[in-house]
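For reference, the structure discussed in these notes is given below.
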Amino acid sequence: MGFSFFASLFHGPIAQGSLGYAFDSFRLLVMGSLLEAGRRFFLWLIERFRLQYSITAQFTEGDPTFEWLVMFMTEHKIWRRSRDFRISAKSSMRRWGIRLGAGIAEKDEHVDLVPTYELPHLFRWHGIWIETKRSTSVVTQPPFGGFSPSVINLTMYTLNIKALQEFIEEARLCYLERAKASVILHTATQPNFGPGFVWNSVKRKLRRPISSIVLETGMMESIVGDAREFIEMENWYIDAGIPHRRGYLLYGPPGTGKTSTIHALAGELGMEIFSLSLSAGFVDDAFLQQAASSIPKKAIFLIEDIDCAFGSRDEGDNISGGTGLGSGYMSPPGMGQGSRRSSVTLSGLLNVIDGIGSEEGVLFFATTNHVDHLDSALLRPGRIDRKIHYKLTGKTQAAALFSRFFPAEHVTLLCEVEKGKLDAVEKASRLATLANEFAETIPDYEFSTAELQGFLLSCKRKPEEAVLKAKLWVTQELLERQQKPVRFVNGRQQRTPPDTHPGVEASPANGVGFSGMGGITPTASTSPSDHIAPPTPPQTPSITPKEPKEGSIVDALLSGPV
């Protein structure tokens, strides 16, 4: 009856005059209303159908789950139906590229072929249909530069929420299995806008064996054991009411293995590294807090060379209104007082480490070459739980480094060239003797591991040559140190490779006052506007050598045969 009534409206006799026009308009109004009502009813039915037969989830770039899903889709070849790819030269940057040549080793590939996944992809997982679609990330240019992350929308055609959890867990385990062979390093190189935080630069580095780190006996094992105990005792921390976090400060001269220790530790424990430079211009308290909050549990949060960005309140550097730890200001070469060090304040950094909003389950590492430049508030227990001193290389470390550079399977001794190959025991004994001879030519605590490594690299596969050249190299290095200018940091005398040699004496008049990491600060005898003392003729700092003490290293090396 209702349909007959509406039909009569459209098929009835047409009235004449103005009444006919009004009636025609009414007919059109009714017809439009019916069409719109039908459209909305159809959309309502579709929405009800989707609510009953599918589950949706969003994965945002920058969150670890996003990487799990992309890697899962790449490993299971969901890209086979993809038609859009990004091509880039192969590097350490992680891009989840596909491999087409089964007979080609990964190290011989030169390009990354990366699916975009921006078109809808439908695939079947354990009998359940899954559809994914990815939005495009947006990068804007200065002055409002930033990064808006992309999002993958996943639709799973089932009402079983447990299936979604199982799918994500399978993707996570697949990701961990793939990541075992490498250490993942995350860095933030540009500001972010939009929801969430993105560590936009992700690199993949090969794992470094613990045995390759040459430190004092038992030092590396102690660090690994302490970190592993921290990870395994989460429930103990909760029951004791203690925040589950731990901080480490690695300090000592440059080139002694601080960063290498963290790299090897991450590989040993299967942890990813999140590294942030506080000296970046866009890093402030809010950015630092957002970055730290986005780090997942069982990861390493690393701030390298923390003394480069910050000063110390204990040394009277604090300037009212300054931004940064201590004064927040430093004076680089050629610039006056007042150039900013860092936009991060002392309270901002301390809140990230152990404030009410600090993250738990994360290992915090900081490195510095000058521990005395750091504020005492930063070093107290609860913020820095272990302070580990890295020294210059001793004889035991020198011998261990020599043995690592010249393993028996990769070297051919001169005696083997002349008389034929030695058996394994004789060769190992000969190499151990050479390692001890090399260590005897290296003075204790004069050279860093990096310096010795640089010398040994010049003698690859030639252990006898390394031993013969070692004494000459040591003599040349020590003479070069004597000829380098003296600098003063907070009233303390220092030389440019790490330590001042005991055979040389200098005074403030012999050099210029440099800040700890390249900035110039006025010494007690200079004014803020006159940072560099005038050099003595002939335009080089004068150095007054002392008479070498009896038995000193310089006396022994310069008087002995080379």
Residues passing the salt bridge (charged side-chain N to carboxylate O under 4.0 Å, His left out) test with Asp354, sequence neighbours excluded, are Arg380, Arg383
One should read off an interatomic distance between Met233 CE and Ile242 CD1, to the nearest 0.5 angstrom, of 9.0 Å
CG (Leu154) and CD1 (Ile168) are apart, to the nearest 0.5 Å, by 8.0 Å
Those residues at least two apart in sequence (or on a different chain) that pass ring pair (Phe, Tyr, Trp, His ring centres under 6.0 Å) with Phe167 are Phe72, Trp125
With side-chain contact (heavy atoms from CB on, under 4.5 Å) as the criterion, how do Thr261 and Ile388 come out once you've worked through the C-alpha distance, each side chain's angles and the decisive distance to 0.1 Å? CA-CA 11 Å; Thr261 297; Ile388 303 169; over 6 Å; no
Note: Arg134 and Ser150 closest approach over all heavy atoms is NE-OG, 3.3 Å
Side chain to side chain contact (heavy atoms under 4.5 Å, CB included) filter on Ala57, not counting sequence neighbours, yields Phe59, Leu164
### Message
As a quick check of understanding, evaluate side-chain contact (heavy atoms from CB on, under 4.5 Å) for Thr367 and Ile262, giving each step before the final call.
### Response
CA-CA 10 Å; Thr367 67; Ile262 299 170; 3.9 Å; yes
Check: Distance only, no hydrogens: is a donor on one side chain within 3.5 Å (strictly under) of an acceptor on the other, for Arg178 and Thr74?
Finding: no
Is a donor on one side and an acceptor on the other found under 3.5 Å between the side chain of Lys298 and the backbone of Ile231? no
For His244, the side chain to side chain contact (heavy atoms under 4.5 Å, CB included) test, sequence neighbours excluded, returns Phe230, Glu234, Tyr237, Glu360
Worksheet item: Are the side chains of Ile303 and Phe364 in touch, meaning some heavy atoms are under 4.5 Å apart?
Response: yes
- Between the side chain of Lys460 and the main-chain N/O of Leu457, is any donor-acceptor distance below 3.5 Å? yes
Nearest heavy-atom approach of Leu363 to Ala227 is CD1-CB, 3.9 Å
By salt bridge (charged side-chain N to carboxylate O under 4.0 Å, His left out), Arg246 pairs with (sequence neighbours left out) Asp226
What one should report as the nearest heavy-atom pair of Pro254 and Ser448 is O-CB, 3.6 Å
Apply side-chain contact (heavy atoms from CB on, under 4.5 Å) to Asn351 and Leu288, showing your working.
CA-CA 10 Å; Asn351 284 334; Leu288 177 62; over 6 Å; no
For residues 30-45, which side-chain donor-acceptor pairs fall under 3.5 Å, sequence neighbours excluded?
residue : atom : partner : partner atom : Å
Ser33   : OG   : Leu29   : O            : 2.9
Glu36   : OE1  : Arg39   : NE           : 3.2
Glu36   : OE2  : Arg39   : NH2          : 2.7
Glu36   : OE2  : Arg40   : NE           : 2.8

Which pairs of donor and acceptor atoms, one on a side chain in residues 268-277, lie under 3.5 Å apart (sequence neighbours left out)?
residue : atom : partner : partner atom : Å
Glu272  : OE1  : His186  : NE2          : 2.6
Glu272  : OE2  : Tyr175  : OH           : 2.5
Ser277  : OG   : Ser279  : OG           : 3.0

Applying ring pair (Phe, Tyr, Trp, His ring centres under 6.0 Å) to Tyr390 and not counting sequence neighbours gives none
To the nearest 0.5 Å, atom CE of Met156 lies from atom CD1 of Ile130 at 3.5 Å
Compare all side-chain heavy atoms of His263 with those of Leu185 and state whether any distance is below 4.5 angstrom.
no
Note to self: Between Ser182 (side chain only) and Leu206 (backbone N and O only), is there a donor and an acceptor less than 3.5 Å apart?
What the structure shows: no
Distance col, row Leu452:CG vs Thr393:OG1, nearest 0.5 angstrom, shows 4.5 Å
Ser222 side chain reached by Arg386 side chain, heavy atoms, under 4.5 Å: yes
Minimal heavy-atom distance between Thr256 and Thr449, with the atoms involved, is O-OG1, 4.2 Å
Hits for side chain to side chain contact (heavy atoms under 4.5 Å, CB included) against Gln289, two or more places apart or cross-chain, chain-then-number order -> Ser293, Val352
- Query: Would Lys387 and Tyr251 count as a side-chain contact (heavy atoms from CB on, under 4.5 Å) if you check the C-alpha gap in whole Å, the side-chain angles of each, and the deciding distance to 0.1 Å?
  - Reply: CA-CA 7 Å; Lys387 294 184 281 289; Tyr251 68 95; 4.0 Å; yes
The reported gap from CG in Asp305 to NE2 in His370 (rounded to nearest 0.5 angstrom) is 9.0 Å
Taken in chain and number order and not counting sequence neighbours, the residues that satisfy side chain to side chain contact (heavy atoms under 4.5 Å, CB included) with Lys162 are Asn160, Gln165, Glu166
Should the pair His121 and Tyr117 be assigned to parallel (<30°), tilted (30 to 60°) or perpendicular (>60°) ring geometry?
perpendicular
Nearest heavy-atom approach of Ile306 to Ala366 is CD1-CB, 4.3 Å
Sequence neighbours excluded, the answer for salt bridge (charged side-chain N to carboxylate O under 4.0 Å, His left out) partners of Glu169 is Arg172
- [ ] Return yes if some donor-acceptor pair links the side-chain N/O of Thr60 with the main-chain N/O of Asp63 below 3.5 Å, else return no.
- [x] no
Check whether Arg207 reaches the backbone of Lys180 with its side chain - one donor and one acceptor, N or O, closer than 3.5 Å. yes
Tabulate below the donor-acceptor pairs under 3.5 Å that side-chain atoms of residues 212-221 make, not counting sequence neighbours, or state none.
residue : atom : partner : partner atom : Å
Ser212  : OG   : Arg208  : NE           : 3.0
Ser212  : OG   : Pro209  : O            : 2.6

On a heavy-atom basis, the closest approach of Thr155 and Ser54 is CG2-CB, 3.8 Å
So OG of Ser358 and CG of Leu350: to nearest 0.5 Å the spacing works out to 11.0 Å
